[in-house]
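For reference, the structure discussed in these notes is given below.
All values derive from a computational prediction rather than experimental measurement.
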Amino acid sequence: MFKGIERIYIGGERVSPSHVDQFLDRHPSVPLFNCYGPAESCSITTTHRVRREDCEVRNGIPIGGPVQSTTVHVLNGTRSAATGEIGELCIGGEGLALGYLGNDDLTEEKFPILLIDGLETRVYRTGDRGFVDSEGILHFSGRGDQQVKIRGHRIEPQEIEVHGSSLPEVAQCAAIPVPGTLGTYDSLAFFYTSPKSAGSTTPSQQAEKIREAFQQKLPPYAVPGSVHHMDRLPVTTNGKIDRAALVVLLQD
């Protein structure tokens with residue numbers, strides 16, 4: 001299916017090194033570029049022509065360097081990170097959006113004007129983490145918050161938990177991203193406990209009501225793929241919900 005194509009650009013999710021390796025075997029003459037970028041920066045902010053050795057990089061296939069008229073700053077606060085130091089990826093240049101329509105507060109938060117290397121620079125704070133290696137190549141290191149991407153959509157698990165906590169069937173809850181096989185997330189799992197006032201309603205009946213409520217309140221991509229009733233949620237030594245333990249339950 002790739003025969004006759006001059007070059008290929010891929011992006012939107014973390015790339016599977018094993019699939020890229022197979023592609024390079026079968027189509028060595030077709031340039032393959034890994035791309036990174038949020039919608040706030042016209043979706044393609046950086047590109048990297050994938051090399052064979054990139055499939056062995058510990059942090060995953062690099063995201064490369066900025067496209068024309070675009071800059072990417074790796075910042076810790078407002079300080080530029082050193083080579084190899086992880087910081088927030090902040091994007092500047094002509095491709096930035098003007099802001100969020102009808103949301104001045106979020107625009108001010110995400111599109112600040114920062115003093116970088118002595119110059120006032122308008123940037124978009126992506127919330128993504130990354131670093132520049134000794135060759136000047138950018139690498140993606142994950143999110144700085146709990147936001148995840150599922151089937152190309154950004155989702156905040158905490159927002160799902162806020163919706164879940166408002167339901168009469170729910171006392172405590174946790175929305176857990178379900179890890180996929182390619183280093184991405186396939187869906188969300190919703191774990192909850194019932195209040196004492198739940199009465200004779202069975203867990204299966206509660207789960208069905210919760211699913212229906214989510215379908216009414218949330219876009220389809222944000223609706224948890226599974227709902228799990230628990231007598232109590234596991235907690236860490238600090239008394240917080242043990243999300244790692246819930247991930248293990250999903251894998252059992």
*Are Val20 and Phe2 in one and the same hydrophobic cluster, where Ile, Leu, Val, Met, Phe, Trp and Tyr link if side-chain heavy atoms are under 4.5 Å apart?*
yes

*Under 6.0 Å from the CG atom of Leu101, do we count more than 12 heavy atoms belonging to anything else shown?*
no

*Flag the pair Arg125 and Glu88 as a salt bridge only when some basic side-chain nitrogen lies within less than 4.0 angstrom of an acidic carboxylate oxygen.*
yes

_Would you say that Phe131 contacts Ser141 through its side chain, given a criterion of any heavy-atom pair below 4.5 Å between the two side chains?_
yes

_Value rounded to 0.5 Å, distance of CD in Glu40 from CG in Leu98_ = 12.5 Å

*Do you know which two heavy atoms are closest between Ile137 and Arg51, and how far apart they sit?*
CD1-NH2, 3.9 Å

*Under the side chain to side chain contact (heavy atoms under 4.5 Å, CB included) criterion, do Val30 and Lys3 qualify, and how do the steps go?*
CA-CA 9 Å; Val30 180; Lys3 291 180 179 179; over 6 Å; no

_Non-hydrogen side-chain atoms of Ile10 and Cys35 separated by less than 4.5 Å_ = no

*Ignoring hydrogens and geometry, is there a side-chain-to-backbone donor-acceptor pair from Ser166 to Gly164 under 3.5 Å?*
no

_Does Thr121 form a side chain to side chain contact (heavy atoms under 4.5 Å, CB included) with Leu114? I'd like the steps, not just the answer._
CA-CA 5 Å; Thr121 306; Leu114 303 178; 5.5 Å; no

*Are the side chain of Ser187 and the backbone of Gly225 linked by a donor-acceptor contact shorter than 3.5 Å?*
no

*Is Thr193 reaching over with its side chain to a backbone N or O of Gln172, donor-acceptor style, under 3.5 angstrom?*
yes

*List the atom of Ala174, the atom of Arg243, and the distance in Å for their closest heavy-atom pair.*
CB-NH1, 4.0 Å

*Would one find more than 12 heavy atoms of other residues, nucleotides or ligands at under 6.0 Å from atom CD of Gln68?*
no

*Contacts of type salt bridge (Lys or Arg N to Asp or Glu O under 4.0 Å), residue Glu109, not counting sequence neighbours*: none

*Measure the shortest side-chain to side-chain distance between Asn34 and Ile63 over non-hydrogen atoms and say whether it is less than 4.5 angstrom.*
yes

*Starting at OG of Ser194, measure out to CE of Met230 and round the result to the nearest 0.5 Å.*
12.0 Å

*Just do the side-chain hydrogen bond (donor to acceptor under 3.5 Å, both in side chains) check on His27 and Ser29 with the steps written out, would you?*
CA-CA 6 Å; His27 305 281; Ser29 63; over 6 Å; no

*Taking side chain as C-beta onward, heavy atoms only, is Leu96 less than 4.5 Å from Thr70?*
no

*Could I get the full list of side chain to side chain donor-acceptor pair (under 3.5 Å) partners for Ser204, not counting sequence neighbours?*
Thr202

*I would like to know whether Leu115 and Thr78 meet side chain to side chain contact (heavy atoms under 4.5 Å, CB included); could you show each step before the answer?*
CA-CA 7 Å; Leu115 189 65; Thr78 57; over 6 Å; no

*Are Tyr36 and Leu89 close enough that some pair of their side-chain heavy atoms sits under 4.5 Å apart?*
yes

*Quick one: closest heavy-atom pair of Val74 and Ile86, and the distance?*
CG1-C, 4.5 Å

*Contact summary for Ala97 and Phe111, nearest pair of heavy atoms*: O-CE2, 3.6 Å

*asked:* Are there over 12 heavy-atom neighbours, none belonging to Glu208, within less than 6.0 Å of that residue's CD?
replied: yes

*Mutual orientation of the aromatic rings belonging to His229 and Tyr192 [parallel < 30°, tilted 30-60°, perpendicular > 60°]*: perpendicular

*Would you confirm whether Ser41, through its side chain, and Gly37, through its main-chain N or O, come within 3.5 Å as a donor-acceptor pair?*
no

_Distance check, rounded to the nearest 0.5 Å: Lys240 atom NZ versus Leu233 atom CG?_
15.5 Å

*Which atoms form the tightest heavy-atom contact between Pro17 and Ile61, and what is the distance?*
CA-CD1, 4.1 Å

*How close do Pro38 and Thr126 get, heavy atom to heavy atom, and via which atoms?*
CG-CG2, 4.4 Å

*Heavy-atom distance under 4.5 Å between the side chains of Phe140 and Thr46, does that happen here?*
no

*Same cluster for Val15 and Val57 if Ile/Leu/Val/Met/Phe/Trp/Tyr side chains link at under 4.5 Å?*
no

*Can you name the residues that form a side chain to side chain donor-acceptor pair (under 3.5 Å) with Asp133, not counting sequence neighbours?*
His139

*asked:* Quick check on the hydrophobic clustering: are Ile155 and Phe190 connected, directly or via other members, by side-chain heavy-atom contacts under 4.5 Å?
replied: yes

*Out of curiosity, Thr47 OG1 to Tyr9 OH, how far, rounded to the nearest 0.5 Å?*
6.5 Å

*asked:* Going by the rule ring-ring contact (aromatic ring centres under 6.0 Å, His included), which residues pair with His73 if we only count those two or more places apart in sequence or in a different chain?
replied: none

*Could you check if a side-chain atom of Leu188 sits within less than 4.5 angstrom of a side-chain atom of Ile176, using non-hydrogen atoms only?*
no

*State the OG1-CD1 distance between Thr45 and Ile91, to the nearest 0.5 angstrom.*
4.0 Å

*So how far is it from Ser80 OG to Glu85 CD, rounded to the nearest 0.5 Å?*
9.5 Å

*Residues that His163 engages under side chain to side chain contact (heavy atoms under 4.5 Å, CB included), provided they are two or more places apart*: Phe214, Lys217, Leu218

_Is the shortest side-chain heavy-atom distance between Ile241 and Pro234 below 4.5 Å?_
no

*State plainly whether one hydrophobic cluster holds both Ile160 and Ile150, where clusters connect Ile, Leu, Val, Met, Phe, Trp and Tyr through side-chain heavy atoms under 4.5 angstrom apart.*
yes

*Kindly indicate, with the supporting measurements, whether the criterion side chain to side chain contact (heavy atoms under 4.5 Å, CB included) is fulfilled by Tyr124 and Cys90.*
CA-CA 5 Å; Tyr124 168 63; Cys90 296; over 6 Å; no

_According to salt bridge (Lys or Arg N to Asp or Glu O under 4.0 Å), who are the partners of Asp25, at least two apart in sequence or on a separate chain?_
Arg52

_Flag, side chain of Asp21 to backbone of Cys55, donor-acceptor distance under 3.5 Å_ = no

*Would Glu169 and Arg211 count as a salt bridge (Lys or Arg N to Asp or Glu O under 4.0 Å) if you check the C-alpha gap in whole Å, the side-chain angles of each, and the deciding distance to 0.1 Å?*
CA-CA 11 Å; Glu169 295 82 13; Arg211 287 192 191 92; over 6 Å; no

*Applying the 4.5 Å side-chain criterion to the ILVMFWY set and letting contacts propagate, would Phe33 and Met1 be lumped into a single cluster?*
no

